[in-house]
Structures are given as C-alpha cells and as structure tokens.
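In what follows, every heavy atom counts, from backbone to side chain, and hydrogens, waters and symmetry copies are set aside.
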Amino acid sequence: MKKLLFSLSLLILSCQNPSKITDQDVMNAFDNFFNIIDNNLSEFSSVVSDDFYIFENSRKYSTEEFIEFVSGFNIIETKRDYKDVIIETDYNSAHITLTQFGEFIVDSPEGKIKMNFEWLESAYLVKENGILKFKFYFSETINNSTSTIVE
C-alpha cells in the first residue's frame with residue numbers, strides 16, 4: 001500500500017507543470033523593491049531572502065546595514081527610470097541587468113538638494129514559497145550630480 005501511495009504521489013507531482021517566471025513577474029518584483037525602499041523601509045525584509053546582500057558604492061551591505069544606510073537620507077521625492085533592461089528567467093530564479101536613472105529631492109540642513117544618479121545594476125532573484133525575493137543586488141554609480149534647490 002505504501003508503494004502504491006508513493007507511486008501515486010510521484011505521478012501527481014511529475015504531472016504538475018510548474019510555471020516559468022515571466023519578465024513581468026521580475027519587473028513587478030523590481031518595482032515593489034524600490035517602492036518599499038522609497039516609501040516603506042520597514043517592509044524591506046519581505047522582498048529579500050534571509051541571506052540577501054547588496055554591493056553598492058563599492059561596499060558590501062547586509063540587509064541590516066543597507067537599511068541603516070538608506071535610512072540616513074531624508075528623501076522627500078523620488079523618480080526612477082530604467083533602460084537597457086535584460087531579464088533571464090527559469091522556473092525558480094531570475095536575473096536582471098539594467099541602467100537605472102534616479103532623481104531625488106532630499107531635505108538637508110543646508111536646504112533642499114536635488115540629486116541625480118545613473119547606475120549600472122544587476123540583481124539575482126529566487127522564488128521562496130512562490131514569491132520572488134532578491135538574493136543579491138549590485139549597483140555601481142556611473143554618473144551623479146547634485147544641485148541646491150532655491151526656493
């Protein structure tokens with residue numbers, strides 16, 4: 001009887017057709033990642049794996065270190081744009097590379113500052129319990145500029 005149940009279970013599992021991760025799944029996860037960074041940093045752990053790390057500004061950050069780094073900015077407004085997006089997927093993971101452009105209005109002791117960045121970025125995402133989570137993120141600044149906003 002045990003052999004029959006095992007065989008039946010194996011047959012059922014082998015007949016299931018797992019779905020491949022789509023490019024739209026990756027972009028949704030990517031947009032959610034930055035929405036959380038920009039608006040609700042307390043939810044950051046919900047979009048990253050337990051062993052997540054990011055390599056940014058030529059430094060490796062753990063989840064906790066990255067949250068502390070990002071929390072240090074008093075960002076009032078953000079605008080992000082992407083180009084040259086390349087996505088590779090399979091059934092359990094995804095990789096994305098792109099160029100990201102970011103514009104940030106930051107409140108500083110000297111007043112409001114506008115910061116513009118261009119980054120070369122790459123990320124590896126894995127499916128955990130059916131949810132795409134970031135396992136690794138690489139971000140290197142290509143260009144940046146800052147200017148004071150006169151009010």
Item to complete: Would you please classify the geometry between the Phe117 ring and the Phe104 ring as parallel, tilted or perpendicular, with 30° and 60° separating the classes?
Response: perpendicular
Discussion item. Give me the atom names and distance for the closest heavy-atom approach of Ser108 to Gly111.
Written reply: OG-O, 2.7 Å
Practice prompt. Please find out if less than 6.0 Å separates the ring center of Phe136 from that of Phe52.
Written response: no
Worksheet item: side-chain hydrogen bond (donor to acceptor under 3.5 Å, both in side chains): which pairs involve residues 124-134, sequence neighbours left out?
Response: none
Response to the item:
dist Ile96:CD1 -> Leu132:CG (nearest 0.5 Å) comes out at 10.5 Å
Worksheet item: Taking only residues at least two apart or on different chains, which pairs with a member in residues 93-107 satisfy salt bridge (Lys or Arg N to Asp or Glu O under 4.0 Å)?
Response: Glu103-Lys114
Fill in: Beyond-backbone contact of Thr89 with Lys20, side-chain heavy atoms, under 4.5 angstrom
yes
Item to complete: May I have all residue pairs that pass salt bridge (Lys or Arg N to Asp or Glu O under 4.0 Å) and include part of residues 23-34, sequence neighbours excluded?
Response: none
Worksheet item: Heavy atoms, side chains only, cut-off 4.5 Å: are Phe30 and Leu98 in contact?
Response: yes
Worksheet item: Which pair of non-hydrogen atoms, one from Ser46 and one from Glu43, has the smallest distance, and what is that distance?
Response: OG-O, 2.6 Å
Worksheet item: Can you name the residues that form a side chain to side chain donor-acceptor pair (under 3.5 Å) with Ser42, not counting sequence neighbours?
Response: Asn40
Response to the item:
Closest non-hydrogen atoms of Ile21 and Asn92, given as atom of the first, atom of the second and distance, are CD1-C, 3.7 Å
Discussion item. According to side chain to side chain donor-acceptor pair (under 3.5 Å), who are the partners of Thr146, at least two apart in sequence or on a separate chain?
Written reply: none
Fill in: ring-ring contact (aromatic ring centres under 6.0 Å, His included) partners for Phe66, two or more places apart
Phe44
Fill in: Results of side chain to side chain contact (heavy atoms under 4.5 Å, CB included) for Gln24 - residues two or more places apart only
Thr22, Met27, Asn28
Identify every side-chain donor-acceptor pair in residues 69-82 under 3.5 Å, counting partners at least two apart or on other chains, and give the distances.
from  : atom 1 : to     : atom 2 : distance (Å)
Ser71 : OG     : Ile67  : O      : 2.7
Thr78 : OG1    : Asp38  : OD2    : 3.1
Arg80 : NE     : Asp38  : OD2    : 2.9
Arg80 : NH1    : Gln100 : OE1    : 2.8
Arg80 : NH2    : Asp38  : OD1    : 2.7

Response to the item:
Across all chains, not counting sequence neighbours, the side chain to side chain donor-acceptor pair (under 3.5 Å) partners of Ser93 are Asp90
Worksheet item: Would you call Val48 and Phe33 a side-chain contact if the rule is heavy atoms closer than 4.5 Å?
Response: yes
Fill in: Path from Val47 to Val126 over hydrophobic side-chain contacts below 4.5 Å
no
Worksheet item: Mind checking what makes side chain to side chain contact (heavy atoms under 4.5 Å, CB included) contact with Ser139, not counting sequence neighbours?
Response: Glu56, Trp119, Glu121, Tyr137
Discussion item. Please check: side-chain N/O of Ser122 versus main-chain N/O of Phe138, any donor-acceptor pairing under 3.5 Å?
Written reply: no
Practice prompt. Check whether Leu41 and Met115 end up in the same hydrophobic cluster, where Ile, Leu, Val, Met, Phe, Trp and Tyr are linked by side-chain heavy atoms less than 4.5 Å apart.
Written response: yes
Response to the item:
On a heavy-atom basis, the closest approach of Ser49 and Asp51 is OG-OD1, 2.8 Å
Discussion item. Could you work out, with salt bridge (Lys or Arg N to Asp or Glu O under 4.0 Å) as the rule, every residue matching Lys112, not counting sequence neighbours?
Written reply: Glu151
Worksheet item: Would you call Glu118 and Thr99 a side-chain contact if the rule is heavy atoms closer than 4.5 Å?
Response: yes
Fill in: Rounded distance [0.5 Å steps], OG1 in Thr63 versus CD1 in Ile54
9.5 Å
Discussion item. Assigning hydrophobic clusters by single linkage (Ile, Leu, Val, Met, Phe, Trp, Tyr; side-chain heavy-atom cutoff under 4.5 Å), is Tyr53 placed with Ile36?
Written reply: no
Item to complete: Report the residues that fulfil side chain to side chain donor-acceptor pair (under 3.5 Å) with Asp84, sequence neighbours left out, ordered by chain and then residue number.
Response: none
Item to complete: Report yes if some heavy atom in the side chain of Glu140 is under 4.5 Å from a heavy atom in the side chain of Ile142; otherwise report no.
Response: no
